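To keep things clear, I will list the structure first and then write my remarks on it.
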2 protein chains.
Amino acid sequence: MEIEIHNNDCLEVLHDLPPSCADMVYLDPPFFTQREHRLSTRDREMEFSFDDRWDSASDYATFLEDRLIEIHRILKATGSIFFHCDRTASHIARLLLDNTFSQRNFRAEIIWHYKRWSNSVRGLLPAHQTILFYSKTGNYKFHTILTGYSPTTNVDQILQKRSRDDANKSVYARDENGNVIFSGAKDGVPLSDVWEIPFLNPKAKERTGYPTQKPILLLERILQLTTDRGDLVIDPFCGSGTTLVAARLLERKAIGVDISPEACSLSRKRVEEPVRTDSHLLKNGAESYRNADESALSLLNGIPHVPVQRNNGIDAFLRVTFDGIPIPVRVQKYGETVTEAALSLYKSGISKNAKRMILIVTEDVPALFSDFKVPDCVILVDSASLSIKRLISNLSSEKESLFT
Amino acid sequence: MEIEIHNNDCLEVLHDLPPSCADMVYLDPPFFTQREHRLSTRDREMEFSFDDRWDSASDYATFLEDRLIEIHRILKATGSIFFHCDRTASHIARLLLDNTFSQRNFRAEIIWHYKRWSNSVRGLLPAHQTILFYSKTGNYKFHTILTGYSPTTNVDQILQKRSRDDANKSVYARDENGNVIFSGAKDGVPLSDVWEIPFLNPKAKERTGYPTQKPILLLERILQLTTDRGDLVIDPFCGSGTTLVAARLLERKAIGVDISPEACSLSRKRVEEPVRTDSHLLKNGAESYRNADESALSLLNGIPHVPVQRNNGIDAFLRVTFDGIPIPVRVQKYGETVTEAALSLYKSGISKNAKRMILIVTEDVPALFSDFKVPDCVILVDSASLSIKRLISNLSSEKESLFT
DNA sequence: AAAGTAAATGAATCAGTAA
DNA sequence: GTTACTGATTCATTTACTT
């Protein structure tokens, strides 16, 4: 997927792009906090024509507005813009966006909430930033993301169908025998406008990286909400290039611009390097990343074992030995075929002199063709989820047979 | 403690107050939603409504600014204002407050975040409102509120004293024997600007039927942050009177104003007999609702399912249905016999009309004696760990046979 | 007492009609 | 086509009640 990075003023780059070419623009412009003072004191007149208020009042506002106008031009009719700002500038940004994209196309004020180390503050500890979401038109591309139910919700009740009683009050429907009626399956709660995403994920400490970069999950969410694979994404202030990395991992085209040569070379490096940790994070979501190891190994609950870090072939050793050597265990990973997983385990196991190994099979991924056969010393064990998957297909055929 | 309630336009009442008399003003004006809001009490005895339709943004802004100027006048030099608004008007409010109180006295943008019953949205589910916090001067009254540590924080470590090492890096101090030194107790983390407070529940007794009623807890927090006992608090749009109730409970003096006679009489009633419902959720935390633990649910990795938290018999519903009803799943818990687990699942499943249920068996706990037999509709599936346990005992006997 | 079930509801949102 | 209104419908949440 093509990723372009330009070292230039984004106004120039935007100007050279054709109209209606981009699906999404994310921008995180610099905040001229030192200028804010002048900004706010300039307007002494009491009239509320917000339209031209900032326009002439401030270089900063003009600076942004020039670029927003270009962004509006290059966005497709189905396109969206995400404007990242902190609490000192959110109202200015809002006004500018109302001007260029119209109040009517305001979609959401996203609150990115994170926990932070506190200094002793006189006041409330700042712990959020704002992302303004506008679309170019009312007919904008949007994919609903669903999240889990609150633990306090009775999921069994919301599976029930509802109707109106005589007084037109909403009640849960029942059939003539007084039994509850089920309506279709529920998949979860639509994503809200408050996103709790940790600033840095705990494991990121290991990386000697760029400390101020935005969490990739944040950009991932934005990309998934409003773009598809192959869509064009533009970041006019790309900085360390998080947007570009996310775009690459999710297979979106991207154009990044930054006026600083250092930022550009940084971005290039990040985009070119295979970013294993990032891609792992993206594939599984932040939650599962945090406890990916534990969740795979929870399959071993109740069996004494020692988890193994940093070994591609072996996830854990059982305490139980065979021929004096602890038994290596591996869990078949998502997307891996059984033979791939077995081969990987076998190689690592042999190097540890193991005579017996256990592979927990989680998926029936068909191997297209493979010369490798699972050796006898690798014992296959089905995971419960695999057994259930098989069961489900049996159940469906069982039902079919009832009708035929 | 004196609580006054005036049925009037707040501009009149504010105008008649002497300068520098109030310690805190909380206001919750109409939000510029361009709608009329109507709601009746549960018993349909009273109907409340207010009109939030304006000809233009500047009408709305002028209306507010007139009142803000008076509020600025009546606040003490140590006083503060909290302006409650939602996402449709937060930027207008911010500009007005910058004008009347100055950008310099902006203290915080508080995000009140809550969970809400949703409806089908094309977009992000709104789940927050904004409270803008300005002080009259830089010398404002403020009490730091401390909150608990997040569960991931290593509290032991926080209690350790810190010092600088040779390279001037911050390290945890140790005494001459290498033992850690404990500094004084830490009380918690300073309150952040994102407040998660549950919305008033549909069933809460505190509920009065007034639209937009705020939780008492929200107002209590604001009062505690910036006022002391005996201080004067003013709410120019008091509505159902939550501010006044909170003020009474915390022994602050208060003046409430509302233009609607119904709102005023409701406020009077509430102040006389305050009802405060404690949120079970806040008191005990979301975790207290959980009974399906994560490691149990991770056995279902890869199978679309919805976790069920408040049911002892069912841990999750599969997305797949049998006879139109999602299939309930349960994981045998530690120490439970298979028949116990199956019985529990069976009972709950039957009440949901399920015709097929799945029990994941994790242990061979022998049932001492039991009349109950696992019914046919409960399908048993072995977990991987159980399969491995069986395997291990086989392996041992296999090995034995080699030696004998 | 503890667990499970029922109820209430919207600073909602949507679809359809009228201007 | 666009905008503005109005009545209809929806959904997850969390307390209160019942078993």
Side-chain angles (χ1 to χ4, degrees), chain A residues 104 137-139 144 146-165 167-174 178 180 183-184 186-190 192, chain B residues 28-44 48-53 84-90 112 114-131 197-215 237 239-240 275 277-284 286 288-289 291 306 308-314 344 347-348 351-352:
Chain A
R104 208 176 47 245
T137 65
N139 176 35
T144 304
L146 296 175
T147 59
Y149 293 98
S150 150
T152 51
T153 302
N154 343 355
V155 176
D156 37 355
Q157 192 184 24
I158 63 176
L159 291 170
Q160 295 172 28
K161 211 174 165 180
R162 315 194 64 170
S163 63
R164 294 272 169 187
D165 71 358
N168 203 34
K169 267 174 51 174
S170 176
V171 291
Y172 292 98
R174 289 172 183 280
V180 296
S183 64
K186 302 284 166 77
D187 300 331
V189 185
S192 88
Chain B
D28 177 23
F31 284 177
F32 192 52
T33 54
Q34 297 294 27
R35 277 208 187 96
E36 189 179 16
H37 300 277
R38 238 181 268 177
L39 205 61
S40 58
T41 50
R42 199 167 304 163
D43 49 24
R44 319 242 166 222
F48 302 102
S49 71
F50 65 84
D51 203 339
D52 187 17
R53 289 176 293 197
H84 195 126
C85 51
D86 82 342
R87 65 193 192 288
T88 53
S90 63
W112 171 33
Y114 45 84
K115 297 237 155 128
R116 232 199 46 196
W117 47 95
S118 74
N119 63 22
S120 47
V121 273
R122 176 175 167 74
L124 298 163
L125 187 70
H128 77 275
Q129 288 175 20
T130 305
I131 303 170
I197 297 178
F199 203 75
L200 257 198
N201 296 82
K203 296 281 289 188
K205 276 187 185 156
E206 191 181 315
R207 208 172 246 284
T208 60
Y210 192 83
T212 81
Q213 186 181 346
K214 304 288 178 303
F237 300 89
S240 60
V275 181
T277 41
D278 280 322
S279 156
H280 175 85
L281 177 65
L282 266 193
K283 214 155 84 190
N284 306 335
S288 67
Y289 288 84
N291 54 7
V306 182
V308 173
Q309 295 295 356
R310 306 183 42 180
N311 190 311
N312 256 345
I314 299 172
S344 172
K347 275 189 190 160
S348 295
S351 76
K352 309 286 177 209

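These numbers come from a predicted model, not from an experiment. We name chains A, B, ... by the order of the sequence lines, and we start the count at 1 in each one.
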Let's test this: given Watson-Crick or G-U wobble pairing with both distances under 3.5 Å, identify the partner of D/dT10.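 Pair assignment: D/dT10 / none.
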Taking 4.0 Å as the cut-off, does a side-chain nitrogen or oxygen of [X] come that near to OP1 or OP2 on [N]?
X: B/Lys347; N: C/dG4; result: no
X: B/Ser118; N: D/dT13; result: no
X: A/Thr153; N: D/dT13; result: yes
X: A/Arg104; N: D/dT2; result: no

When you get a sec, tell me which of D/dA12, C/dT5, C/dT9 is the closest nucleotide to the side chain of A/Tyr149?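 The answer is D/dA12.
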Which one, C/dT5, D/dA12, C/dA7, comes nearest to the side chain of A/Ile158? D/dA12
Over 60° means perpendicular and under 30° means parallel, so classify the ring planes of B/His84 and B/Phe31, tilted if in between.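 Judged by the thresholds at 30° and 60°, the geometry between B/Phe31 and B/His84 is parallel.
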Over 60° means perpendicular and under 30° means parallel, so tell me whether B/Phe50 and B/His37 are parallel, tilted or perpendicular. tilted
Here's a test of your reading of the structure: between A/Asn154 and B/Arg38, which maps to the more 5' nucleotide of DNA chain C? A/Asn154
Residue whose nearest DNA chain C nucleotide is more 5′ - B/His84 or B/Gly313: B/Gly313
Using a 4.0 Å heavy-atom cut-off, does [X] contact any base of the nucleic acid, only the sugar-phosphate backbone, or nothing at all?
X: A/Pro151; value: nothing
X: B/Pro126; value: sugar-phosphate
X: B/Thr88; value: nothing

Residue pair B/Ser240 / B/Gln213, side-chain donor-acceptor N/O under 3.5 Å: no
With a 3.5 Å cut-off and no angle check, do the side chains of A/Asn139 and A/Thr137 form a donor-acceptor pair?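 On atom types as modelled, these side chains do not qualify, holding no pair under 3.5 Å.
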Mind calculating the distance between [atom1] ([X]) and [atom2] ([N]) to the nearest angstrom?
X: B/Lys115; N: D/dT15; atom1: NZ; atom2: C1'; value: 16 Å
X: B/Gln34; N: C/dA11; atom1: CD; atom2: P; value: 17 Å
X: B/Gln213; N: C/dA11; atom1: CD; atom2: P; value: 12 Å

What pair of heavy atoms forms the shortest contact from B/Asp28 to B/Lys214, and how long is it? OD2-NZ, 2.8 Å
Does any donor-acceptor pair link the side chain of B/Arg310 with the base of C/dT5 at a separation under 3.5 Å?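 Between C/dT5 and B/Arg310, which were checked side chain against base, a qualifying N/O pair under 3.5 Å is present.
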